Amino acid sequence: MPLLKLSDECFYRSSIIRDNRKEIITVNKKYNSNRMGKQRVLSGVQPTGNLHLGNYLGAIRTWVDMQENYDNFFCVVDLHAITVPHDPKTLAQDTYTIAALYLACGIDLDHATIFVQSHVTAHSELAWLLNCITPLNWLERMIQFKEKAVKQGENVSVGLLDYPVLMAADILLYNADKVPVGEDQKQHLELTRDIAIRVNDQFGSKKNPILKLPEPLIRSEGARVMSLSDGTRKMSKSDPSDLSRINLLDSPDLIKKKIKKCKTDPIKGLEFDNKERPECNNLLGLYTLLSGKSKEEVATECQDMGWGQFKPLLTETTIEALKPIQDNYQAIMDNKDYLDSVLRDGKEKAETVANQTLSRVKEALGYLPPL
Ligand code: ATP
Ligand code: MG
């Protein structure tokens with residue numbers, strides 16, 4: 001955390017000047033004593049469909065691998081999910097599915113808080129405050145907005161344009177130090193930092209910054225898993241074709257079918273990093289990450305292979321890698337009461353932290369505190 005060299009507690013203390021400061025400091029101490037001294041991580045996935053290999057390899061795998069070293073908050077970002085047309089009949093179930101998959105992939109509640117974004121109302125409220133501070137032209141430059149807006153034509157919502165401000169609110173509410181995401185979210189992270197700097201400049205001071213500046217955490221491998229139908233486009237939940245992605249909950253038969261149908265090229269001998277062969281690079285990358293082998297090992301193993309030999313190998317490796325996650329998922333979904341209790345606890349912990357930040361921002365903006 002190079003930009004703010006204050007400890008968490010010092011950071012809070014210096015910025016709390018309201019009458020109820022005792023109460024806030026007590027809550028802070030109570031919270032900090034849980035996972036004392038660790039930097040904070042915040043990340044999330046939208047319940048816009050089932051998790052796919054891109055979400056897993058680009059984001060969740062990193063969350064799991066580093067969770068012991070951080071104080072983690074992982075949310076299911078359901079407010080983001082309605083920035084594109086959505087089905088009210090499936091939103092709640094998709095939210096459960098994503099939360100259960102977090103646990104099934106190995107998120108450990110000893111190190112992490114799992115919650116649903118819309119259960120903590122501070123997200124919407126801070127997003128509104130930040131909206132009024134963020135210049136419109138910052139949002140118009142966002143690549144994801146441009147890409148998703150094209151697909152929606154005249155029906156594009158204000159919410160889609162505003163998506164990055166809500167994401168900034170998600171992150172800044174938790175004073176996150178690190179945000180592990182896939183490559184596609186890098187620009188939004190930069191925007192989050194710009195918004196935080198603007199708030200601090202306009203309403204804080206060098207000594208008393210209001211918001212903490214987060215850093216993106218993007219791994220080199222798996223940061224951009226590409227579509228099975230087009231190696232130049234990223235794998236996405238919102239791609240209308242289910243054949244373009246492998247979902248973590250796909251059955252072995254479906255995985256076999258998708259890999260059989262995926263786009264390849266007519267060249268024999270498989271290789272990494274050939275710009276003319278994006279599909280080949282992507283599929284070898286998937287095989288590398290799912291098998292746990294090194295890039296060099298895979299390059300040697302596959303250099304003389306044709307697709308007829310490679311595809312069954314990738315199919316088998318994928319099915320095997322996903323089996324433990326699928327088994328865990330089933331066990332969790334069979335115990336909905338447990339899942340509800342995880343989300344209830346998560347809401348409580350998340351709210352405690354989020355409401356402190358929201359109060360701090362409102363105070364800095366000059367709001368009359370509730371009487
Ligand atoms: P949507 O199409 O609805 O935007 P998505 O597939 O992009 O869905 P998100 O919920 O937007 O998924 O993103 C969740 C996390 O997964 C983010 O950290 C994002 O950077 C990461 N991610 C998404 N797609 C990929 C991908 N193809 N490769 C690597 N990481 C990805
Ligand atoms: Mg996305």
Side-chain angles (χ1 to χ4, degrees), residues 41-66 72-87 90-91 94-95 97-99 101-102 105 107 114 116-117 142-152 156-157 159-161 163-164 166-167 170-171 176 178-192 214-242 244-249 262 278-279 281-283 285-286 288-290:
V41 156
L42 179 290
S43 200
V45 175
Q46 308 181 72
T48 37
N50 276 333
L51 290 185
H52 53 71
L53 282 179
N55 303 133
Y56 178 62
L57 298 171
I60 296 172
R61 183 181 56 118
T62 315
W63 306 357
V64 173
D65 289 351
M66 55 186 256
N72 305 279
F73 283 80
F74 297 125
C75 51
V76 183
V77 286
D78 55 347
L79 295 172
H80 285 274
I82 66 162
T83 55
V84 291
H86 83 287
D87 183 354
T90 57
L91 182 60
D94 287 344
T95 302
T97 299
I98 303 281
L101 276 170
Y102 286 177
C105 288
I107 296 299
I114 296 177
V116 177
Q117 182 192 30
M142 294 295 111
I143 295 163
Q144 179 178 284
F145 171 69
K146 289 183 192 161
E147 286 177 353
K148 289 193 173 179
V150 168
K151 293 181 200 157
Q152 290 182 44
V156 62
S157 71
L160 186 66
L161 179 71
Y163 177 115
L166 179 58
M167 180 166 160
D170 300 338
I171 295 165
K178 298 275 191 303
V179 186
V181 284
E183 172 78 31
D184 61 308
Q185 294 300 324
K186 194 168 171 224
Q187 195 186 30
H188 290 165
L189 252 298
E190 281 158 9
L191 185 94
T192 301
E215 285 177 16
L217 219 155
I218 301 173
R219 275 188 166 179
S220 48
E221 325 83 31
R224 197 166 175 82
V225 172
M226 309 312 276
S227 156
L228 295 184
S229 347
D230 178 351
T232 63
R233 272 199 347 248
K234 91 167 187 74
M235 189 177 279
S236 275
K237 278 187 257 102
S238 57
D239 190 314
S241 167
D242 193 49
S244 69
R245 61 186 161 257
I246 294 177
N247 301 310
L248 300 192
L249 297 175
C262 77
E279 286 81 20
N281 188 57
N282 187 43
L283 296 172
L286 284 180
T288 308
L289 291 169
L290 295 170

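Heads up: numbering here begins at 1 and tracks the sequence. These figures come from a predicted structure and were not determined experimentally. In listed order, ligands and their atoms are each counted from 1.
Of all atoms in ligand 1, numbered sequentially from 1 with element shown, those under 4.0 Å from a heavy atom of Ser236 are 2 (O), 6 (O). Of all atoms in ligand 1, listed by their number and element, those nearer than 4.0 Å to a heavy atom of Lys148 are 1 (P), 3 (O), 4 (O). Listed by number with element, the atoms of ligand 1 under 4.0 Å from a non-hydrogen atom of Gly58 are 29 (C), 30 (N).
By the 4.5 Å heavy-atom criterion applied to side chains, Leu228 and Met235 are counted as neighbours. Here the side chains of Phe145 and His188 are not in contact, with every heavy-atom distance at 4.5 Å or above. Put simply, the side chain of Leu191 reaches to within 4.5 Å of the side chain of Pro164, judged on heavy atoms. The shortest side-chain heavy-atom distance between His52 and Ile246 does not fall under the 4.5 Å cut-off.
If you check which protein heavy atom lies closest to atom 30 (N) of ligand 1, you get Gly54 O, 3.1 Å. Protein heavy atom closest to atom 28 (N) of ligand 1, with residue, atom name and distance, is Val225 N, 2.9 Å. Looking from atom 3 (O) of ligand 1 to the surrounding protein, the closest heavy atom is Thr48 OG1, 2.9 Å. Shortest contact from atom 8 (O) of ligand 1 to any protein heavy atom: Lys237 NZ, 3.1 Å. For atom 19 (C) of ligand 1, the closest heavy atom belonging to the protein is Asp184 OD1, 3.3 Å. Among all non-hydrogen protein atoms, the one lying nearest atom 23 (C) of ligand 1 is Asn55 ND2, 3.3 Å. Residue, atom and distance of the protein heavy atom nearest to atom 6 (O) of ligand 1 are His52 NE2, 2.7 Å. If you check which protein heavy atom lies closest to atom 29 (C) of ligand 1, you get Ala223 O, 3.1 Å.
Of the candidates His188, Gln185, Lys234, it is Lys234 that places a heavy atom closest to atom 24 (N) of ligand 1.
Remark: the backbone N or O of Leu249 is not paired with any side-chain donor or acceptor of Asn247 at under 3.5 angstrom. For Gln187 (side chain) and Ile143 (main-chain N/O), a donor-acceptor pair under 3.5 Å exists by modelled atom type. A donor-acceptor pair is defined here as one N or O able to donate and one able to accept, closer than 3.5 Å; no such pair exists between the side chain of Arg224 and the backbone of Arg233.
For a threshold of 3.5 Å applied to N or O pairs, the pair formed by Gly182 and ligand 1 contains at least one separation below that value. Checked by distance only, ligand 1 and Gln144 stay at 3.5 Å or farther apart across all their nitrogen or oxygen atoms. Considering backbone and side-chain N/O of Val181, none are found under 3.5 Å from N/O of ligand 1.
Checking Asp170 against Gln117 by side-chain atom types alone, a donor-acceptor pair falls below 3.5 Å.
Using cut-offs of 30° and 60° for the angle between ring planes, the Phe74 and Trp63 rings count as parallel.
The two residues Gly159 and Thr83 come nearest to each other via the heavy atoms O-CG2, 3.4 Å.
Only the backbone of Arg224 comes within 4.0 Å of ligand 1, counting heavy atoms alone; no side-chain atom from C-beta on gets that close. With a heavy-atom cut-off of 4.0 Å, Ser238 touches ligand 1 through backbone and side chain alike.
Ligand 1 has at least one atom lying under 4.0 Å from a heavy atom of Gly222.
Atom NZ of Lys186 sits in a sparse spot, with 12 or fewer heavy atoms from other residues, nucleotides or ligands closer than 6.0 Å.
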